[in-house]
Amino acid sequence: MDFSKRVLRLTALIPPGRVSTYGEVAKALGGVRFSRAVGVALNKNPHPVKVPCHRVVRSDGRVGGYSSGVAEKIRLLAEEGVIVGDGKVLDFGNKLITYDELRRL
DNA sequence: AGTAAGGCGGGCA
DNA sequence: GTGCCCGCCTTAC
């Protein structure tokens with residue numbers, strides 16, 4: 001399976017109202033060293049709705065990028081109850097899905 | 001095939 | 001806590 005497909009498949013598992021990070025997704029794929037490549041894969045964004053790329057943020061709680069613009073990313077998150085304030089996800093620790101949780105989905 | 005760029009992370013000052 | 005710099009892996013030219 002291509003790397004990017006595995007990224008998309010994992011990302012699709014993140015439930016609404018929760019988020020994960022590029023690093024956590026990377027770890028689930030074998031190691032945090034893949035984190036950058038995860039961003040690249042999501043950037044292709046093949047299925048705008050099927051794959052909730054907007055639920056993947058940076059490891060420090062900052063939002064990170066989005067192919068259709070960060071503002072859009074923030075808006076989509078807000079619709080799901082994830083509020084972004086001052087560039088960071090509020091209540092980050094509780095909304096975050098770690099790599100082992102991802103693996104168990 | 002070489003190279004540069006990209007939705008990042010971690011470590012150190 | 002902040003900022004910088006270096007390393008990493010995958011893709012696109």
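Here is the naming used below: chain letters follow the sequence lines, and residue numbers restart at 1 for every chain. Keep in mind that what you see is a predicted model, and the values were worked out from it rather than measured.
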Assign a letter to each nucleotide of nucleotides 4-13 of chain C from its 5' end: B, base within under 4.0 Å of a protein heavy atom; S, sugar-phosphate only; -, no contact.
---BBBSSS-

In this structure, is the centre-to-centre distance between the rings of F34(A) and Y22(A) below 6.0 Å?
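Ring centres of F34(A) and Y22(A) not closer than 6.0 Å.
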
Does [X] belong to the same Ile/Leu/Val/Met/Phe/Trp/Tyr cluster as [Y], with side-chain heavy atoms less than 4.5 Å apart forming each link?
X	Y	answer
V7(A)	L10(A)	yes
V56(A)	L13(A)	yes
L96(A)	V84(A)	yes
I74(A)	F92(A)	yes
I14(A)	L76(A)	no

Let me have DNA chain B in dot-bracket notation, would you? Count Watson-Crick plus G-U wobble pairs, both distances under 3.5 Å, and use [ ] for pairs crossing earlier ones and | for inter-strand partners.
.|||||.||||||

Got a salt bridge between [X] and [Y], using NZ or NE/NH1/NH2 to carboxylate O under 4.0 Å?
X	Y	answer
D60(A)	R62(A)	yes
R18(A)	E80(A)	no
E101(A)	R104(A)	no

Which residues pass the salt bridge (Lys or Arg N to Asp or Glu O under 4.0 Å) test with K27(A), not counting sequence neighbours?
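Partners of K27(A) under the salt bridge (Lys or Arg N to Asp or Glu O under 4.0 Å) test: E24(A).
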
Under the salt bridge (Lys or Arg N to Asp or Glu O under 4.0 Å) rule, collect the residues that match up with D2(A), sequence neighbours excluded.
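None.
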
Can you see if the side chain of R58(A) gets near the phosphate of dG9(B) - specifically, an N or O under 4.0 Å from OP1 or OP2?
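The answer is yes; a side-chain N or O of R58(A) sits under 4.0 Å from OP1 or OP2.
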
Please report the distance, rounded to the nearest Å, between CG in N43(A) and P in dA5(B).
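It is 15 Å, rounded to the nearest whole Å.
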
Taking atom P of dG1(C) as reference, at what distance in whole Å does atom CG of D60(A) sit?
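Whole-Å distance recorded here is 11 Å.
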
Are the side chain of K73(A) and the backbone of V63(A) linked by a donor-acceptor contact shorter than 3.5 Å?
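Side chain of K73(A) to backbone of V63(A): a pair is present.
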
Main-chain N/O of I97(A) paired to S20(A) side chain as donor or acceptor, under 3.5 Å
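Checked: pair present.
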
Could you list all N or O pairs between the protein and nucleotides 11-13 of chain B that sit under 3.5 Å apart?
none

Taking only heavy atoms on the protein side, list every residue of residues 61-86 of chain A lying under 4.0 Å from any atom of DNA chain C, sorted numerically.
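Those residues whose heavy atoms fall under 4.0 Å from DNA chain C, taken from residues 61-86 of chain A, amount to none.
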
